[in-house]
Amino acid sequence: MLTLGIETSCDETAASVVENGRKVLSNTIASQIKLHQKTGGVVPEVAAREHVLKIVPVVKQAIKEAKVKIDDIDLIGVTQGPGLISSLMIGTCFASAFALVKKIPIVPVNHIDGHIYANWLYEKDYVAPPKFPIIVLTVSGGHNELILMKNHDKFELIGETLDDAAGEAFDKVARLLGLGYPGGPVISKVAEKGDPNRFNLPRAWLNNWNPPKKYNFNFSFSGLKTAVLRLTKDKSQKDTNDIAASFQEAVCEVLAIKLTEAAKKYKPKEVHLAGGVSANKRLRKMVEEKSPKGMKLRYPQNIKFCTDNGAMIATSAYFKYKKSPSQYKKWRNVIAEASFR
Ligand code: KG4
Ligand code: ZN
């Protein structure tokens, strides 16, 4: 079964063809990073206009790279939300029209579920699928959640951010340091030259965090951001490197400890990292070091599957469809159903 996945929730126009829900045949992404670098962040109107220009060429390219024909597509999955409304509308409109013309089922996908399903994808060689139950930390620019996944349709939210998502904090701190957009990759690069222990930046453990008796799996990064703001006056290049390294250390420590403590408490079969921030090497290393011995860890197989892409949307759509095909048989207007109305 071939699924076409479409993602336009923010600043990437992405499409992908995935075979039997897991094997990535193509993964085409038109990034708008250059466009948004001028403003240091995404301007929704500008992003939406770019999606309009890119959606058809990106889908054509994804079908071509997969070496399939447009008529071979059996199912279409599209990000329905959360995201920028004007950007989501381009993907959902396109996908609804595609499903109507091709008379195939369409599955609306939650963007965060999509990130979680990036850990089901593989490219060339077959990889055994994840085993439930799973603890997953999905963390990117727009969201920051800790989830106990008991099965494909049983997600239990055990923690989330009370203010900024970690990726958002990376982006804002990069802006404060004059490092550009997006913040995650540039901060981790600069941090390699810095001293992570020079500045003791705040870690928000929240409400007498005292494992193994008392847990609070929520997150907060706004205080950390304010602490960085105080350090940014009259700084040298060396200071910038040290601030970036100390900031990264503080974010990763809270994420890694809350994730691994959740693994100790819930005893899942696997621990997963997903979302844009899961590309961060320091975070991966800390999670490896702090995880219970023998715990199976997974990150998306390719760094491309950490940040926004169409393949993760295709795989999430496939598993939703398999669970209840009759629900998706008829052509649906996913725009009319969307929560953003
Ligand atoms: O998943 P994603 O592409 O979009 C959202 O759903 O938000 O994630 C983008 C976020 C940005 O905030 C970016 O700064 C962050 O992921 N990011 C990273 C790294 N690569 C991307 N954060 C930390 N380290 C990285 N290497
Ligand atoms: Zn995302």
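The model shown is predicted, which means the values in this text are computed figures rather than measured ones. Each ligand, and each atom within it, is numbered from 1 in the order the structure gives.
For atom 11 (C) of ligand 1, the candidate residues are T79, T138, D171; the nearest heavy-atom contact is made by D171.
Using cut-offs of 30° and 60° for the angle between ring planes, the H152 and W120 rings count as tilted.
The shortest N or O to N or O distance between G141 and ligand 1 is below 3.5 Å. Checked against a 3.5 angstrom limit, the closest N/O atoms of G167 and ligand 1 fall inside it. Residue T307 places no N or O, backbone or side chain, under 3.5 Å from any N or O of ligand 1. Between G142 and ligand 1, an N or O atom pair is found at a separation short of 3.5 Å. Considering backbone and side-chain N/O of H143, none are found under 3.5 Å from N/O of ligand 1.
Using a 4.0 Å cut-off between heavy atoms, H115 contacts ligand 1 through its side chain alone, with no backbone atom that close. Contacts of S188 with ligand 1, taken as heavy-atom pairs under 4.0 Å, involve the side chain alone.
To the nearest 0.5 Å, the span separating SG on C252 from CE on M286 amounts to 5.5 Å.
Between K238 and D195, no side-chain nitrogen of the basic residue sits less than 4.0 Å from a carboxylate oxygen of the acidic one, so the salt-bridge criterion is not met. Ion pairing of E288 with R284 is absent here, as no side-chain N (NZ or NE/NH1/NH2) approaches a carboxylate O to less than 4.0 Å.
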- Message: What verdict does the ring-ring contact (aromatic ring centres under 6.0 Å, His included) test give for F247 and F199, after you've listed the backbone C-alpha separation in whole Å, the side-chain angles of each residue and the deciding distance to 0.1 Å?
- Response: CA-CA 8 Å; F247 163 78; F199 299 106; over 10 Å; no
- Message: Applying side chain to side chain contact (heavy atoms under 4.5 Å, CB included) to E123 and F305, what does each step give before you reach the verdict?
- Response: CA-CA 11 Å; E123 289 179 280; F305 303 137; 3.8 Å; yes
- Query: Can you list the steps and then say if K258 with E261 is a salt bridge (charged side-chain N to carboxylate O under 4.0 Å, His left out)?
  - Reply: CA-CA 5 Å; K258 294 218 173 189; E261 285 301 326; over 6 Å; no
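Side chain of T226 to main chain of S222: a donor-acceptor pair is present (N/O by atom type, distance under 3.5 Å, no hydrogens or angles).
Listing protein N, O or S atoms at distances below 2.8 Å from the Zn ion (ligand 2), with waters left out, gives H111 NE2, H115 NE2, D308 OD1.
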